[in-house]
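What follows is a short report on a single structure.
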There are 2 protein chains.
Amino acid sequence: MLAHSTANSATRFHPSVSPRVDDAMPSVFSPTQMQPLSFYPAGAEIYADGGRAEAIYQVEYGAIRVYRLLADGRRQISAFHLPGEIFGFEADNAHHFFAEAITSTSLRRFRLSPGADISRDLLPLALRSLMRAQDHLLVLGRHTAIERVAAFLIDMAERQGASGHVDLPMSRMDIGDYLGLTIETVSRVFSRLKERKIIRLTNSRSVEILKWDALHQMGE
Amino acid sequence: MLAHSTANSATRFHPSVSPRVDDAMPSVFSPTQMQPLSFYPAGAEIYADGGRAEAIYQVEYGAIRVYRLLADGRRQISAFHLPGEIFGFEADNAHHFFAEAITSTSLRRFRLSPGADISRDLLPLALRSLMRAQDHLLVLGRHTAIERVAAFLIDMAERQGASGHVDLPMSRMDIGDYLGLTIETVSRVFSRLKERKIIRLTNSRSVEILKWDALHQMGE
DNA sequence: CGAATAGTTGACCGATGTCAATGAAGGTGG
DNA sequence: CCACCTTCATTGACATCGGTCAACTATTCG
């Protein structure tokens, strides 16, 4: 029942810090708190369960997975994060998750200085994160395999601008560990969706949605 | 695959409002925002999906279930709330869940006036709620039936003071809809735990934990 | 006391997991 | 640039956990 074999083999990588400030992505925080960008290669660890939580992160480009591990290796990915999205809040000052770069990724880091009160900025982000987690609870608790994959594809499509084309930076194993399925089941569901002409795969990481309505019907 | 048959039969009940202010339960909010108590009989609706969200609630006594419904009747309970706990935050000003009293319940209601900034008070509550949702994600995504029930019992025990005795105000169907299982599976798991002398049932709603360690081993 | 509701138990079934083989894609060194 | 190797994805055969359907029991509420 090992969900994956290389969970702890993620390269512990000291991120190189760029002095460049990219202003293309508007930040939710004041410019005074602006931080330089940090780069992480694919698989690099952003933070680990048990570490001190003293910052939150915004994805500049690339993609992040945030997950927990059980003692026997089962893994639950609680969220993926795409460009513009902010992650890393905790209820106390310790991390309770692992966060890793899925592909080559650049992050902006915002220190949470103990004095400053940024609850006004943080609350809407925390609430959005809560809503997303609760949406995901419904998927994991009450959706079938094909419904889970449909919901996942719709979500990814919407977060990427809702064009017909969806990029999947993550592996089948990542998708399985996000949806509570095995890689085989994820793969079979993709095949069934292809058969039914609901999606088309350019390659295994690039999906074209052909029947948006059919997908919506399953996914929610 | 109907998860329950009476989801929408919850009595729409106009709560009677008591003028009494109970000061036994310390509030997280300033006394000026103190509200009188509202009483709800078992099954009464606190709020419904789609309604305006203009308050949050603290349980005085009793128990609450917060859930979503799918079109075909499948239900996912995202949380139970016990005395002292606060629920009802939303990312926008609309509810995206149903909330019902499980047993006869009393709530304190805190209006969220549009002007006042209570993000300082709300943030830690929202973060705690987020953590709980993420804990539950792991249970639904990667735990077996027996592990789910074990985790549930541990959680309920800890929230009730972690003595050996656990009160379950909710039905087997509620537990199933919380854990992503059917009532039959929940019942069978309880029986297996009884067989193995890990728990004892005084009656179906009252559990005594006999082997805390065995339960912990399964539940996390 | 009787009816309705909730819970338990059993037999069987099916969706998804497991194990294994094959195919496709991407990275590396010659 | 190609050949090899490694990793990832797909597909098939089979096993299993939990769901479904049904009968029975226990509890609660008129």
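Quick note on labels: first sequence line is chain A, next is B, and so on, each numbered from 1. Note that the coordinates shown come from a computational prediction; the quantities given were computed from them, not determined experimentally.
At a threshold of 4.0 angstrom between heavy atoms, the contacts of A:G176 with the nucleic acid are absent. Heavy atoms of B:I183 sit nowhere under 4.0 angstrom from any nucleic acid atom. Counting any heavy atom pair closer than 4.0 Å across all strands shown, A:R205 reaches sugar-phosphate atoms only and no base atom.
Of the two residues contacting DNA chain C, namely A:V186 and B:S171, the nearest-nucleotide position lying further toward the 5' end is that of B:S171. Between B:T185 and A:L181, the residue whose closest nucleotide on DNA chain C is further toward the 5' end is B:T185.
Distance A:R142 CZ to C:dA15 P: 16 Å, rounded to the nearest Å. Here D:dC8 presents its C1' atom at 12 Å from CD of A:E184, a figure rounded to the nearest Å.
Counting heavy atoms from C-beta on, the side chains of A:D135 and B:R68 come closer than 4.5 Å. No side-chain heavy atom of A:R200 sits less than 4.5 Å from a side-chain heavy atom of A:V207.
Considering B:I64, B:D155, B:V66, B:D174 in turn, B:D174 is the only one that fulfils the side chain to side chain contact (heavy atoms under 4.5 Å, CB included) rule with B:F80.
Nearest to the side-chain atoms of A:T144 among the listed nucleotides D:dG12, D:dA9, C:dT16 stands C:dT16.
Ring planes of A:F87 and A:H81: parallel class, angle under 30° (limits at 30 and 60°).
Note that CD1 of A:I209 and CD1 of A:I154 are 7.0 Å apart. Values are rounded to the nearest 0.5 Å.
End-to-end axis angle of the helix from C:dC1-D:dG30 to C:dG30-D:dC1, using five pairs per end and rounding to 10°, comes to 50°.
The stretch residues 187-204 of chain A touches DNA chain C through A:R188, each having a heavy atom under 4.0 angstrom from the strand.
Every pair passing side chain to side chain donor-acceptor pair (under 3.5 Å) that includes a residue from residues 164-173 of chain B is listed here, sequence neighbours excluded: B:H165-B:S206.
Judged by distance alone, with hydrogens and angles left aside, the side-chain atoms of B:R65 form no donor-acceptor pair with the main-chain N or O of B:E100 at under 3.5 Å.
Of all heavy-atom pairs between A:L179 and A:L140, the closest is O-CD2, 3.3 Å.
The shortest distance between the side-chain N/O atoms of A:T182 and the OP1/OP2 oxygens of C:dT16 is not below 4.0 Å.
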